[in-house]
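I have a structure I would like to understand better, so I am pasting it below and will then ask my questions one at a time.
Sequence lines set the chain letters: A, B, ... in the order given, protein chains first and strands last, and positions in each chain run from 1.
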Amino acid sequence: MRKLLVFPILFTCLGMMAQDTLRTVQVNANRLLRDTGIQKTTLDTLFLHDNISLSMADILSRHTTLFIKNYGRATESTAEFRGTSPSHTQVLWNGIRINSPMLGTLDFSTIPGYFVDETNLYHGASSISISGGGLGGAVELKTRPVDFQGTTLQYIQGIGSYDTYDQFFRATYANEQWSSSTRVSYSTSNNDFLYTNYDKKVDIRDQEGNIIDSYHPKERNKSGYFDDFHVMQDIFYNDLKGNRIGFMAWYSYTNRGLPFLSVDYKDDSEFTNEQKFNTARAVISWDHNLEKWNLNVKGGYQYQDMAYDYFTRREEINTDITHSKSYTNTGSIQGEANYIPNEHWLLQANMSAYYNHVRSYDRSPFHIGDNYDLGRMEYNTSIQARWRPIQPFSMAVVLREEVYRDDFVPLIPAFFVDYVLYQPWRLALKASVARNYRYPSMNDLYFQPGGNPDLEPEHGFTYDAGLEFCIPIHDVKISGNLSAFDSYINDWIQWLPNTKGFWEPSNVRKVHNYGTEMSLNVDYKISSNWRLRLSGNYAFTPSINRGENLNSNDASYGKQLCYVPRNSANISGHLSWESWTFTYKWNHYSERYTTTSNEVNYITGRLKPYYMSDISLEKTFQWRWGHASIKGVVNNLFNTKYVTVLSRPMAPRNYEIYFEFRPQWKRKSSIN
Amino acid sequence: MRIAYSYMYMLLTVTAVLAACTGSVDGLEEENFSNTGQGVFILNEGNYNSGNSTLSYYNPETRTVENGIFQRANDRKLGDTGQSITLHDGVAYVAVENSGIIWGIDAETFRVKGQLTSSQTEHMINPRYIHFLSDTKAYVTDLYSPFITIFNPKTFQYIGSIGVPEVKANGYASTELMVQYGQYVFINCWCYTDLIVVIDTKQDAVAGVIHLKTSMQPKSMVLDARNKLWVLTDGGYGTDTDSFGENIPHLYRIDAETRSVEDDQALDTDEATVQIAVNSARDTLYIINNDIYRMGIQERHVPVRPFIKAPVDKKGARHKLYGINVNPRNGDIYVADAVDYSQSGVIYRYSREGDLLDQFRVGINPNGFAFK
């Protein structure tokens, strides 16, 4: 059997954990030649598959330093990387870009954690090694072939507060050559949590109209319901002669109400305010592995229709306020070649082409008819050379070129270096410098009314430097990294209202992002049946407007961008004893300003910092014929009243319980 | 095992410490205000769907401004997209459009005296403007509803509504400002129409419509001393696929008695909100058309040169003005600059001669003034 080509691994710190009974796969500290100088965070499957109700938005907010701008429980959630905007985070699923070509962003609340097997975050300049346009960074989501031979079945039933029901089913089969995985999930919830509405107050008056008492009412989250269905099939075939063919297909349907603002006094029973999505993504890939070569070819197709409806049906009133719909079709093809002439060199070349077609139309206060109905070609190509002249030192150069419409984005170069300072601690110094560009989304260019076809790509320089380490001390493994970055983004695209009431984009801002990111992971095998794992992240991310003032009254120069916290931190701890596991998750975001001038005199000018705690306790049962577990979760343990966006209340303390069952009829063996 | 217990203890201790600092959203201590002077209320629209509309109060004598007074006095938010403020009988009535509420606020203490919400009425959706027919009867226009809501401003009780199916256009039914001539109330209808609707207040029914014909989207309107309606359109707009006007604002003079258009003149293409205001004698018009123009009601044309030029920066960028009104007591002109629409706006206060007297910061997107 010809083994799959494996790139040389410098060292592996926590590899042993993959074999542990905790079913964890910690690959955080693996450093490959292809990762030379790269600031990369790999999310543990322990976090991805913590419980079935978690979306990638929940996972990223709890376990990374990304700020998730969340409009409420299970509603639109976008990711801000290092204080940039959501469109500056590129997202790839099995190698294809899945940011909406229309919006330039991705809603992470629509991706269940259980449908992702591996997540890698590429910070800042490091994103250029996998994609252009990630001025903040890139998130890579992967589906992996099944690990074990034989057939497995898994069913998880979740029951939670607010009539929330989560169902997840997975069937896998694998032998030496074939593997297949089918995943299905369905989640539904009324999501009508009760909260004290501090944005309203009810007055109790006497007969003369004098206020004799008043109180903040307890209200339900109005119009927050959701139904979310996903099905994913992946099949891999390995001919054991160096060829692997993969097919991954994912369909999802989401119907969700848009929660009313906490300051809305309308009766939600008279209004429909909801979004519906149908999304399909498919990738077929072929990997061909030779002794020194690896070739990969992918074809991808993505479809999404999105509908937003806001209307009222009352007596004698049938008012349709907004009906908007869009259809997006994306076809892509991609080829990549890796060549390793010897242990000192890795050469890579990648080419891809995407065709996006968007039809968007609506009936809204500012438009009736087609917003636009257009197609756009996008081409990306990159060449990468990585060189390790001597064992502790390596360097890399990446050159990337992107074309959209008929416009060539200037060459995107990146340079990386990597030096191991102290081998026993795996202490390595990493640094990079890059110029990056992000071209405008199709809405930015074409949306009618407002779209601006004269927009220039956003562009900037990013400088990164950091340390990475992994220290094994007897039964304790300590790993982590510390990095600093400095980034300038020019021609930042901003949408501003015009005189007619609709919004128009223009290249107006210049933004300086800088700061530090750090993470620390501790794995302590306390005794034969006790184990403690701690993971913490912290980021300090000033994101400062350095653009020209719009006019002399503009006080936004030198101020932090809206809704970007300067400090974010999270800690998670897992303590396991035999078949019991206790988990504690904590995260924090500092205050966020809601105005470009960072007003602190208004009550609505800033959102208070908040600290969030979740706990869970899981008990697993292992029998000869199967495996089962029961898990109880308390979210928002301390009942924190908080918002991440103005007037969008978040859920108070709530509870979930999960039952998992996996029948077992034959001992499984791992696939090499 | 003892080590494990120690770690358990440590984890619980950390949990307890973290529990002590959870951050929060909570209520405020209500402030007591007593403003018996002749101040100016400034309504700050805020950003749509953000719930950050606020109310400011300016004292021209002391040149001091208090921002966020509604929330500070009442420990609740004003709401989402404050559209208009109107003073009547010592009460400031604020229509907060996307919250579906009209607040009545004591003009001296800023305390809530009452409110009318969308769910208390049959047809109100997004209230825009309020017009008082008497102490016990007022009309409310609406962005989406093809009805004029009638309520009692003393008791905040819903009285009824007037159907205005004539204003429906492209699925919308937008009614805006109201002025009264005799028993008739004239309403300009902004979204997609060229209409002025006339309501007979005795019948609470539509008494007719006026078509402007040459321009779309009447946005602002006043009535002068000679009972002429001055109507300013924004001209609509065009897209690549549709057109709702030529994007050129027009100023119309309409005789309220005969309801005929007497004059129609095209203005400069607007780079800022167009708006019209009238002084207390109702003999002088003030018009935002990029700059501010002053025009006597006898004049045939808007002057060539502006009365007050919008501030211009060193690089030639003109400030985008967002609102205007004239203090009926002394003729001072108040002009709002929304800056970038996402930060505190600036108010310029000019004398009747056009001299800048003061400028100060208020809330986001100041759009309306009410004078005590």
Considering only heavy atoms from C-beta outward, does the side chain of Lys77(B) approach that of Asn197(A) to under 4.5 Å?
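Not touching, per the 4.5 Å side-chain cut-off.
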
Give, as side chain, backbone, both or neither, the part of Leu607(A) having an atom under 4.5 angstrom from any heavy atom of chain B.
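Nothing of Leu607(A), per the 4.5 Å heavy-atom cut-off to chain B.
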
Any idea which heavy atoms bring Lys201(A) and Arg76(B) closest together, and the distance?
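Heavy atoms of Lys201(A) and Arg76(B) come nearest at O-NH1, 3.2 Å.
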
Residue among Gly51(B), Ser99(B), Ser118(B) with most heavy-atom pairs under 4.5 Å to chain A
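Option with the top pair count is Ser99(B).
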
For Gln359(B), which atoms come within 4.5 Å of any heavy atom of chain A: side chain, backbone, both, or neither?
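For Gln359(B), side-chain heavy atoms alone lie under 4.5 Å from chain A.
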
Sort Thr312(A) into side chain, backbone, both or neither according to what part of it lies under 4.5 angstrom from a heavy atom of chain B.
side chain

Less than 4.5 Å apart, any side-chain heavy atom of Asp80(B) and any of Asp264(A)?
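Counting from C-beta outward, Asp80(B) and Asp264(A) never come under 4.5 Å.
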
dist Gln343(B):CD -> Thr594(A):OG1 (nearest 0.5 Å) comes out at 11.5 Å

For each of Ile317(A), Asn553(A), Thr196(A), Asn598(A), tally heavy-atom pairs with chain B at distances under 4.5 Å, and name the one with the top tally.
Asn553(A)

Top residue by heavy-atom pair count (under 4.5 Å) with chain A, among Ser145(B), Gly363(B), Ser53(B), Ala338(B)?
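If we count pairs closer than 4.5 Å to chain A, Gly363(B) comes out on top.
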
Of all heavy-atom pairs between Ser344(B) and Ser597(A), which one has the smallest distance, and what is that distance?
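Looking at all heavy atoms of both residues, the closest pair is N-OG, 3.9 Å.
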
Engaged part of Pro311(B) at the chain A interface, taking heavy atoms whose separation is under 4.5 Å:
neither

Shortest non-hydrogen contact from Asp340(B) toward Arg509(A)
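The pair with the smallest heavy-atom distance is OD2-NH2, 3.2 Å.
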
Taking it one step at a time, do Ser214(A) and Glu30(B) satisfy side chain to side chain contact (heavy atoms under 4.5 Å, CB included)?
CA-CA 11 Å; Ser214(A) 58; Glu30(B) 292 177 2; 4.2 Å; yes

In terms of heavy-atom proximity below 4.5 Å to chain B, should Gln494(A) be classed as side chain, backbone, both, or neither?
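It is neither, since no heavy atom gets under 4.5 Å.
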
Side chain to side chain contact (heavy atoms under 4.5 Å, CB included) evaluation trace for Asp75(B) with His216(A):
CA-CA 9 Å; Asp75(B) 186 20; His216(A) 294 288; 2.7 Å; yes

Applying a strict 4.5 Å limit to non-hydrogen atoms, the region of Asn365(B) in contact with chain A is neither

Ser342(B) side-chain N/O to Thr596(A) backbone N/O, donor-acceptor pair under 3.5 Å
no

Going from OH on Tyr48(B) to CH2 on Trp503(A), what distance comes out if it is rounded to the nearest 0.5 angstrom?
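The distance works out to 11.5 Å.
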
Derivation of the salt bridge (Lys or Arg N to Asp or Glu O under 4.0 Å) call for Asp203(A) and Arg111(B):
CA-CA 11 Å; Asp203(A) 297 323; Arg111(B) 288 282 166 90; over 6 Å; no

Does any heavy atom of chain B fall under 4.5 Å from the side chain of Tyr372(A), the backbone, both, or neither of them?
neither

What closest approach, in Å, do Tyr265(A) and Ser119(B) show between heavy atoms, and which atom pair accounts for it?
O-OG, 3.6 Å

Atom pair CG/OG of Asn47(B) and Ser647(A) - distance to nearest 0.5 Å:
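The CG atom of Asn47(B) sits 10.5 Å away from the OG atom of Ser647(A).
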
About how many Å separate CD1 of Ile211(A) and NZ of Lys113(B), when rounded to the nearest 0.5 Å?
9.5 Å

Side chain to side chain, Asp337(B) and Asn551(A), heavy atoms closer than 4.5 Å:
yes

May I ask you to decide if Asn98(B)'s main-chain N or O and Lys266(A)'s side chain share a donor-acceptor pair within less than 3.5 Å?
yes

Under 4.5 Å from a heavy atom of chain A, the part of Val96(B) involved:
neither

Proximity breakdown for Thr121(B) and chain A, heavy-atom pairs closer than 4.5 Å
both

Contact part of Leu261(A) toward chain B, heavy-atom cut-off under 4.5 Å: side chain, backbone, both or neither?
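Interface part for Leu261(A): side chain.
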
Tell me, side chain or backbone of Thr54(B) under 4.5 Å from chain A's heavy atoms, or both, or neither?
side chain

Tyr348(B) versus chain A, heavy atoms under 4.5 Å apart: side chain, backbone, both or neither?
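For Tyr348(B), the side chain is the part near chain A, not the backbone.
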
With only heavy atoms counted, which part of Ile101(B) is less than 4.5 Å from chain A, the side chain, the backbone, both or neither?
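For Ile101(B), the contact with chain A is made by the side chain alone.
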
Take Ile125(B) and Phe271(A), measure what side chain to side chain contact (heavy atoms under 4.5 Å, CB included) needs, and give me the verdict at the end.
CA-CA 10 Å; Ile125(B) 301 176; Phe271(A) 288 82; 3.9 Å; yes

Which one, Lys559(A), Glu270(A), Lys200(A), Glu548(A), leads in non-hydrogen pairs under 4.5 Å with chain B?
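Of the options given, most contacts go to Glu548(A).
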
